[in-house]
Amino acid sequence: MKPTSDTPINIVGAGLAGALLAVLLARRGFAVRLFERRPDPRRSVAERGRSINLALAARGIAALEHAGVMDQVRPLLIPMRGRMVHDRAGTTALLPYGQRSEEVIYSVGRALLNRVLIEEAARYSTVSVRFDQACIGVDPDRNTLRFRDLGPPEAGSAPRAAEYDVPLGPTIATDGAGSAVRSSLAASGHLSVQEEFLDHDYKELTLPAISGRPALEVNALHIWPRGGFMLIALPNTDNSFTATLFLARHGTNSFDSDVVALFEREFPDTLPLIPNLVTELRDHPQGSLGTVHSAPFHVGNKVLLLGDAAHAIVPFHGQGMNAAFEDCTVLGSLLDQNTDWGVLFAQFSCRRRPNTEAIAHMALENYTEMRDTVLDPKFARQKTIALELERHFPRRFIPRYSMVMFHPEIPYTEALRRGGIQAEILDQLDSHRAADGKLDLPTAGRLITERLPEFD
Ligand code: FAD
C-alpha cells in the first residue's frame, strides 16, 4: 500500500491531534474518514472533566503553522510570560520563562481549539467527519475496525445498527490516553503497552472574572506550590481562570481528606476567588494522571498510534498536546517522502519513540519542580545563572525548559541529554560563586566549551 491520495485514511478520534492531522492530510490531497465518539462540538456543549485550558508552546505552534491554521487559532491565545508563584503568606513573585520577548507560552481553551481544528478539517470536501461513533476494537488479521454508533436515531427512520465494521485501510489512532485502539491491539498481542499511573489526581475549579475583570494577573501561569501538592491557574479569554488542584488520592493531604479545610490552611488567598469551591469540589470529576509507553507505535502498514494514544504523559511540562502536534508535523514530513505506509509507520515509530520517552521523563521531573523545587532559593538562583549563561554562550547553552518550550528544532532527546550536562555545570558554578555572588565566567566558559558542543 503506497501513501497515495486514492486510499482513504481512517483517523479514530477527532480530538486535538486527530483534527489537526485531518487538516494536514487533506492539504496533501488525501481522503480522510474521521471518526469521533463525542457529538459534534459545533452543535453541543463541550463535555466536562478534561482540562479546560492548555499551555501551547513553540512545538505546537510550529505544527499549527505547518497546517496553515495559525490565523484561526491566534485569537484564542493568551500569552503567559512566566510562573507567578504564590506563597502561603499570599506574596507573589514572577519567574519569567525566558529572556526574549517571544519566549512566552500561551493559554488556550481546549474546546475552542478543538472546534477550530474540526471546522478547518470539515472545510475539505475530501474529509468526512462522523460524530457519535465509538471505536470498540481493531482486528488487523481480519482487516477491520469495529465501531458502535452512539447517535440518537433520526426522526422517522429505523434505529441505527448498534455495531458495524469498517475496512482497516491505513488507520491512524488518535483516540487519546485511554485509546480503545491501543487496548485492543495490546490485548491481541500486536503491541506491548505499559501504563503507569501517578498516585496524584487532579480536579478543576473556576476563578470567575470579578465585575468583568480578571481575578489575577492575566499574562502568567499561577502556581501555589506546597511541597507534596499544588494548585495552578491558567487564564481564559472571558477573563476567568481555570485552576487545577493536583493532590494525592489517599493520605493526610489528599482527595480523601477534608479538601475545603486544606484550602483554608494552604491556599487562603484563593478562597475569595473561587466562590463555588464547595460545590465544584463535590461535583467536578476527579481525573487521573499517568504515562503510557507503547512499543512500537504501529502494526505493519495497517495501524499507527499517534498523540496520547501512543504516548500519554503527565501534564507538568505542558507538552502533551505540543508533542501530539509535533507528531503530526513529523508524520507530514515523512509523507512528503512518499514511502510505503509500512515503512512510513515504522520510521515514525523509530523517530518518535525516543523523543516521547524523553518528554515523558522530563514531565515527571517537572512535577517535583513545580510543586516543590520552585520554593527552594537554589532553584531561583540556578534559573538566574542559566539565563546569564545563555546570554554569554547562546550557541552552546540554552536552559532545558527553554529547549523544550521555545526550540522545536531541538529534539526532546537532545534537551534531556544536554539538560543533564547543564545541571551538573550549574551545580558546579553555583557552589563556586565568588563572595560577591558574581558568576565565575572563565570557569563557566571552560566547562561549557568542553562539555557542550555548539548547536547546529
Ligand atoms: P485527545 O485530545 O484526548 O483526543 C482524543 C479524541 O479521541 C477525543 O476527541 C475523544 O473523544 C476521542 N475518542 C476517545 N476514544 C474514542 C473511541 N473509542 N472512538 C472514537 N473516538 C474516541 N498538554 C499540553 O501541551 N499543555 C498543557 O498545558 C496540558 N495540560 C494538561 C492538563 C491536564 C489536566 C491534562 C489531563 C492534560 C494536559 N495536557 C496538556 C495534555 C493534552 O491534553 C493531551 O496531550 C492532548 O489532548 C493529546 O491530544 P490527542 O488528540 O492525542 O488526545
Side-chain angles (χ1 to χ4, degrees), residues 10-22 33-41 44 46-47 49-61 63 80 105-111 113-115 117-118 129-138 145-150 166 171-184 198 200-204 221 232-234 242-246 284-292 305-328 356 359-360 363 366-367 370 404-405:
N10 299 316
I11 299 181
V12 180
L16 299 175
L20 181 66
L21 189 62
R33 289 186 292 214
L34 185 52
F35 298 90
E36 168 56 49
R37 185 176 61 183
R38 291 169 302 158
D40 187 340
S44 58
E47 70 180 22
R50 303 294 317 281
S51 64
I52 304 240
N53 50 24
L54 305 148
L56 175 71
R59 290 170 204 269
I61 292 173
M80 300 185 289
I105 60 176
Y106 297 89
S107 177
V108 61
R110 177 191 293 276
L113 177 60
N114 207 164
R115 193 182 161 139
L117 295 177
I118 287 175
V129 197
R130 304 176 191 182
F131 294 99
D132 299 305
Q133 307 304 311
C135 180
I136 51 173
V138 49
L145 262 179
R146 177 145 275 247
F147 286 92
R148 182 171 298 137
D149 188 340
L150 305 177
V166 166
T171 293
I172 303 177
T174 48
D175 52 343
S179 169
V181 174
R182 184 184 72 236
S183 304
S184 158
L198 275 194
H200 285 56
D201 285 352
Y202 72 96
K203 191 168 280 216
E204 291 189 322
L221 187 155
I232 67 167
L234 273 72
T242 302
T244 312
L245 173 66
F246 294 97
H284 286 185
Q286 184 175 322
S288 56
L289 300 163
T291 307
V292 170
L305 304 180
L306 184 144
D308 273 15
H311 49 72
I313 59 176
V314 295
F316 305 112
H317 217 306
Q319 279 292 304
M321 164 186 63
N322 287 283
F325 283 175
E326 191 171 71
D327 281 355
C328 298
T356 56
I359 188 57
N366 238 38
Y367 189 27
M370 284 177 86
V404 171
M405 303 307 272

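Just so it is clear, the model here is predicted, and its values are computed rather than measured. Order of listing sets the numbers, starting from 1, for every ligand and every atom in it.
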For ligand 1, which is the ligand I care about here, please tell me if N114 has any N or O atom under 3.5 Å from one of the ligand's N or O atoms.
no

Not counting sequence neighbours, which residues clear side chain to side chain contact (heavy atoms under 4.5 Å, CB included) with R33? List them please.
P8, N10, F35, S128, R130, V166

Pick, from A57, G176, G18, the option with the minimum heavy-atom distance to atom 53 (O) of ligand 1.
G176

For ligand 1, which part of P315 has a heavy atom less than 4.0 Å away: the side chain, the backbone, both, or neither?
side chain

Before you tell me yes or no, could you show the steps for H311 and I359 under side-chain contact (heavy atoms from CB on, under 4.5 Å), namely the whole-Å CA-CA distance, both residues' side-chain angles and the distance that decides it to 0.1 Å?
CA-CA 10 Å; H311 49 72; I359 188 57; over 6 Å; no

Rounded distance (nearest 0.5 Å) linking atom CD of Q286 with atom CG of L245:
9.0 Å

For the residue pair F246 and F316, does the interplanar ring angle fall in the parallel (under 30°), tilted (30 to 60°) or perpendicular (over 60°) class?
perpendicular

Side-chain heavy atoms of L16 within contact of L113, under 4.5 Å:
yes

Counting only nitrogen or oxygen atoms and a 3.5 angstrom limit, does G320 reach ligand 1?
yes

Could you check which of R37, R59, H311 puts a non-hydrogen atom nearest to atom 21 (N) of ligand 1?
R37

For S179, enumerate each residue passing the side chain to side chain donor-acceptor pair (under 3.5 Å) test, keeping only those at least two apart in sequence or located in another chain.
D175

Under 4.0 Å from any heavy atom of A134, which atoms of ligand 1 are there?
19 (N)

Between T174 and ligand 1, find which residue part has any heavy-atom pair under 4.0 Å and reply side chain, backbone, both or neither.
backbone

Of all the atoms in ligand 1, which lie at a distance below 4.0 Å from a heavy atom belonging to G307?
52 (O)

For A55, take its heavy atoms, then give the atoms of ligand 1 lying under 4.0 Å from any of them.
24 (C), 25 (O), 26 (N), 27 (C), 28 (O)

Mind checking whether F147 contacts ligand 1 via backbone (N, CA, C, O), side chain (CB onward), both or neither, at a 4.0 Å heavy-atom cut-off?
neither

Counting N and O atoms only, with roles assigned by atom type, does the side chain of H284 sit under 3.5 Å from a partner on the main chain of K203, one being a donor and the other an acceptor?
no

Would you find a donor on one side and an acceptor on the other, under 3.5 Å apart, between the side chain of E326 and the backbone of A324?
no

Out of T244, I11, I105, L54, indicate the one that has the non-hydrogen atom closest to atom 30 (N) of ligand 1.
L54

Below 3.5 angstrom, do we get any N/O pair linking A17 and ligand 1?
yes

N/O donor-acceptor pair under 3.5 Å between R182 side chain and A309 backbone:
yes

For ligand 1, the portion of Q133 having any non-hydrogen atom under 4.0 Å away:
backbone

I'd like to check whether C135 has a polar contact with ligand 1, where a contact means an N/O of the residue lying under 3.5 Å from an N/O of the ligand.
yes

Between T174, L145, L305, which is the residue that forms a side chain to side chain contact (heavy atoms under 4.5 Å, CB included) with V12?
L145

Minimal non-hydrogen separation, A134 against R37, with atom names:
CB-CG, 3.6 Å

Geometric N/O contact G318 with ligand 1, under 3.5 angstrom
yes

Heavy-atom proximity to atom 43 (O) of ligand 1 ranks first, among R110, R38, M321, for R110

Check each atom of ligand 1 against the heavy atoms of A180 and keep those under 4.0 Å away; list them by number with element.
18 (N)

